J.: 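Have a look at the structure that comes next, please.
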Amino acid sequence: MTLSETDALDGLRDALGQLRNRESVALRLLESSAKHSFDPDTELDWEAPFEDGKWFWPPELVSLYGTPLWRRMSEEQRLLLSRHEAAALASLGIWFELILMQLLVRHIYDKSATSAHVRYALTEIEDECRHSKMFARVIAHSDTPWYPVSRVHHNLGRLFKTISTTPGSFTATLLGEEVLDWMQRLTFPDERVQPLIRGVTRIHVIEESRHVRYAREELRRQMMTAPRWSQEFTRMSSGEFARVFSVAFVNPEVYTNVGLDRREAVAQVRASAHRREVMQQGAKKLTDFLDDIGVLRGVGRRLWRSSGLLA
Ligand SMILES: [Fe+2]
Ligand SMILES: [Fe+2]
């Protein structure tokens, strides 16, 4: 056998190994989905009234926490801000999930429908459908508005979900899932928080941990096998998402709706060392992982830094 034939055989063996690994991950995720999936409509008590004095989001995770403006606000106004920020994050969650569902559909379009990998993607889409309905219900139930992202971000999302590459899609997925997931892990056990919000975040954390696993494993494989231009594109586009993400994270309309000066509030959030710390801590697990698989290099790394999510 010639040297190039040996190389070709090794390549084939690697590819087969990766496919087997992809199937075994998906099978485990399917098993876990069969055991631990929830119907929010029946699982949560939607009739119970909200409790006075309870938060809709842990105060330390509210954007203005610890700023001079926060210190001037009454307790009632702080609670109200947490209510609106929870609605803004639920709105952001729906936006992400709609994008993600389209990315997943595009990801499986050319793959065998009987594979566990495709069956799991379909299961994840089912999860996201329930989540988006749950978030919409919680927004309506909290008597808060729906907070869409800006028109520019909305249209960037439209373009991205139509043309992005596979590794680009999974990087964006992780960015959307992991920072919110970190916040939700602090929210559901917190007894200062409204029971309905605790229930919503608990369901979301349990089901999302499978999504994070699926996306991480796929992205790791993709970053090893994708062509060089695609890997480079992933580095740059992920840095750009990180910038969009950090700006779009809380819709500034929330400040107006609780009676604050929007420009002053936005300026104070930007200047807040506590907020920067929260966002960097929230992104830490993700940025460590992305660093490990080679996404945070060169221009991409500089963009991540400028987003404020990477120290
Ligand atoms: Fe979700
Ligand atoms: Fe998800």
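Bear in mind that the values here come from a model prediction, so they are computed numbers and not experimental data.
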J.: Please name all residues satisfying salt bridge (charged side-chain N to carboxylate O under 4.0 Å, His left out) with Glu60, sequence neighbours left out, ordered by chain then number.
T.: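 By the salt bridge (charged side-chain N to carboxylate O under 4.0 Å, His left out) rule, Glu60 matches Arg192.
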J.: Roughly how far, to the nearest 0.5 Å, is OG1 of Thr187 from CD of Gln194?
T.: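 Gln194 CD to Thr187 OG1: 12.5 Å, rounded to 0.5 Å.
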J.: Please evaluate residues Arg137 and Asp41 with respect to the criterion salt bridge (Lys or Arg N to Asp or Glu O under 4.0 Å), reporting the C-alpha separation (whole Å), side-chain torsions for both, the decisive distance (0.1 Å), and the verdict.
T.: CA-CA 9 Å; Arg137 192 167 177 185; Asp41 286 335; 2.8 Å; yes
J.: May I ask you to say whether Glu217 pairs ionically with Arg220, meaning some side-chain N is under 4.0 Å from a carboxylate O?
T.: no
J.: Hey, what's the ring geometry for Phe170 with His107, parallel, tilted or perpendicular (30° and 60° as the breaks)?
T.: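 Correct class here is perpendicular.
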J.: Using a distance-only test with no angle check, is there a side-chain donor-acceptor pair under 3.5 angstrom linking Tyr255 and Ser63?
T.: yes
J.: Tell me every residue that passes ring pair (Phe, Tyr, Trp, His ring centres under 6.0 Å) with Phe135, counting only those two or more places apart in sequence or in another chain.
T.: His204
J.: Does the distance from a Lys or Arg side-chain N to an Asp or Glu carboxylate O, for Arg130 and Asp127, drop under 4.0 Å?
T.: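 Yes, this pair counts.
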J.: Quick one: which of Arg213, Glu23, Arg210 gives a side chain to side chain contact (heavy atoms under 4.5 Å, CB included) with Arg28?
T.: Arg213
J.: Run the ring pair (Phe, Tyr, Trp, His ring centres under 6.0 Å) test against Tyr65 and tell me which residues pass, sequence neighbours left out.
T.: Trp70, His274
J.: With side chain to side chain contact (heavy atoms under 4.5 Å, CB included) as the test, would you mind laying out the steps for Leu89 and Phe56 before giving the verdict?
T.: CA-CA 11 Å; Leu89 291 176; Phe56 285 74; over 6 Å; no
J.: Below 4.0 angstrom, N of the basic side chain to O of the carboxylate: do Glu208 and Arg185 qualify?
T.: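 Answer for the salt bridge query: no.
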J.: Check His153 against Trp95 and note the closest heavy-atom contact, atom names and distance.
T.: O-CZ2, 3.2 Å
J.: Strictly below 4.0 Å, N to O, side chains only: are Arg262 and Glu253 in salt-bridge contact?
T.: yes
J.: Decide whether Trp304 and Ser238 meet the rule of one side-chain donor and one side-chain acceptor closer than 3.5 Å.
T.: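 Note: Trp304 and Ser238 side chains meet the donor-acceptor criterion.
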